[in-house]
Amino acid sequence: MAKLNVELVTAEGRVVSQEADFVLAPGAAGDLGVLPHHIPLLTPLRTGEVMVRNDGVEEYLFVSGGFLEVLPDRVVILADAAERAEDIDQTRAEAARRAAEETLAEHAGDAMAAAKLERALYRLKVAEVRRRRRDRGSRPGAS
Ligand code: ATP
């Protein structure tokens, strides 16, 4: 079976470098699912969640901003920020969420605070999805 080569890079370094069967990413025009032999494209990314599936194993990541390039056997994501679910600091994301909400309560149209709030909420979501899947996996008899 053909595989994709997935690279996810930020200015701080490489977050993902692996083979995959499928990648789901938040493209600017909507969520984008990529299988091997996808038509080449380049799109800006929204803030959101990236899922990389390989041999039935799904990995979830947070990304904010940047670009996604698809080539027939390759997916390259250059993100402003990205973290694997297990590397997300939930306490920090909660603090960022509260700070952004406080700013928005005083300045409803503050675009930077709105973007910060969106990042915090997606970080919390990605971390929570991982926690739930881990709990489910550890329950006796769970599939
Ligand atoms: P904060 O206010 O907590 O800095 P932010 O949304 O403004 O949040 P970013 O600008 O998106 O932060 O990211 C700055 C750097 O900090 C990046 O390297 C990013 O990966 C890292 N980072 C931000 N929040 C978290 C978090 N909750 N867990 C792990 N890394 C984080």
Side-chain angles (χ1 to χ4, degrees), residues 1-38 41-71 73-143:
M1 253 272 281
K3 291 271 187 183
L4 291 162
N5 202 310
V6 184
E7 302 275 340
L8 197 168
V9 183
T10 72
E12 288 170 30
R14 194 174 304 269
V15 182
V16 171
S17 177
Q18 68 166 84
E19 285 195 328
D21 301 306
F22 179 68
V23 177
L24 187 62
D31 286 345
L32 187 66
V34 183
L35 291 162
H37 309 304
H38 194 286
L41 66 84
L42 179 65
T43 175
L45 283 176
R46 287 178 291 115
T47 292
E49 190 176 14
V50 166
M51 190 270 280
V52 179
R53 184 189 300 142
N54 193 38
D55 294 334
V57 178
E58 294 180 349
E59 163 132 43
Y60 290 83
L61 301 105
F62 164 85
V63 288
S64 79
F67 288 89
L68 173 134
E69 182 180 30
V70 179
L71 298 167
D73 60 349
R74 216 164 131 76
V75 173
V76 182
I77 297 174
L78 301 173
D80 292 342
E83 298 111 40
R84 290 175 181 271
E86 63 266 34
D87 294 330
I88 292 174
D89 179 338
Q90 285 181 266
T91 307
R92 176 172 169 178
E94 273 295 352
R97 179 176 69 81
R98 273 197 305 276
E101 281 174 350
E102 279 165 22
T103 304
L104 286 167
E106 286 182 23
H107 310 281
D110 188 321
M112 273 173 62
K116 186 183 173 88
L117 178 59
E118 189 182 29
R119 290 195 296 276
L121 292 175
Y122 271 111
R123 283 187 167 112
L124 292 168
K125 179 178 176 222
V126 171
E128 177 66 12
V129 166
R130 174 170 189 271
R131 194 187 60 73
R132 275 211 233 109
R133 294 172 70 85
R134 209 182 34 198
D135 288 354
R136 215 181 325 152
S138 63
R139 212 186 315 134
S143 58

Enquirer: Between Gly30 and Arg46, which heavy-atom pair has the shortest distance, and what is it?
Expert: C-NH2, 3.8 Å

Enquirer: Please lay out, stage by stage, how Leu41 and Leu32 fare under the test side-chain contact (heavy atoms from CB on, under 4.5 Å).
Expert: CA-CA 11 Å; Leu41 66 84; Leu32 187 66; 3.9 Å; yes

Enquirer: So, for Ala20 and Asn54, which heavy atoms are closest and what is the spacing to 0.1 Å?
Expert: CA-OD1, 3.5 Å

Enquirer: Please evaluate residues Asp73 and Asn5 with respect to the criterion side-chain contact (heavy atoms from CB on, under 4.5 Å), reporting the C-alpha separation (whole Å), side-chain torsions for both, the decisive distance (0.1 Å), and the verdict.
Expert: CA-CA 6 Å; Asp73 60 349; Asn5 202 310; 6.0 Å; no

Enquirer: On a heavy-atom basis, which atom in Val15 and which in Ala82 lie closest, and how many Å separate them?
Expert: CG2-O, 4.1 Å

Enquirer: Output every pair passing salt bridge (charged side-chain N to carboxylate O under 4.0 Å, His left out) with a member in residues 1-11, not counting sequence neighbours, ordered by first then second residue.
Expert: Lys3-Asp21, Lys3-Asp55, Glu7-Arg14

Enquirer: For Leu45 versus Ala25, what's the shortest heavy-atom pair and its separation?
Expert: CD2-CB, 4.3 Å

Enquirer: How many angstroms lie between CZ in Phe22 and CG in Leu4, if you round to the nearest 0.5 Å?
Expert: 9.5 Å

Enquirer: Atom CD in Glu94, atom CG in Leu121: separation rounded to 0.5 Å?
Expert: 9.0 Å

Enquirer: Leu24 and side-chain contact (heavy atoms from CB on, under 4.5 Å): which partner among Arg53, Met51, Glu58?
Expert: Met51

Enquirer: Tell me the closest heavy-atom pair linking Gly65 and Thr47, and the distance in Å.
Expert: N-OG1, 4.2 Å

Enquirer: In sequence, state the C-alpha distance, the side-chain angles, and the governing distance for Val129 and Glu49, and then conclude on side-chain contact (heavy atoms from CB on, under 4.5 Å).
Expert: CA-CA 10 Å; Val129 166; Glu49 190 176 14; 4.1 Å; yes

Enquirer: For residues Pro26 and Asp31, report the shortest heavy-atom separation together with the two atoms involved.
Expert: CA-OD1, 3.6 Å

Enquirer: Can you measure from CG (Asp80) to CD (Glu12) and round to the nearest 0.5 angstrom?
Expert: 11.0 Å

Enquirer: Determine which pairs satisfy salt bridge (charged side-chain N to carboxylate O under 4.0 Å, His left out) with at least one residue from residues 100-120, sequence neighbours left out, and list them in order.
Expert: Arg97-Glu101

Enquirer: Do you know which of Val50, Ile88, Asp87 makes side-chain contact (heavy atoms from CB on, under 4.5 Å) with Leu61?
Expert: Val50

Enquirer: Determine whether Val16 and Arg84 satisfy the following criterion, side-chain contact (heavy atoms from CB on, under 4.5 Å), listing intermediate values before the conclusion.
Expert: CA-CA 8 Å; Val16 171; Arg84 290 175 181 271; 3.9 Å; yes

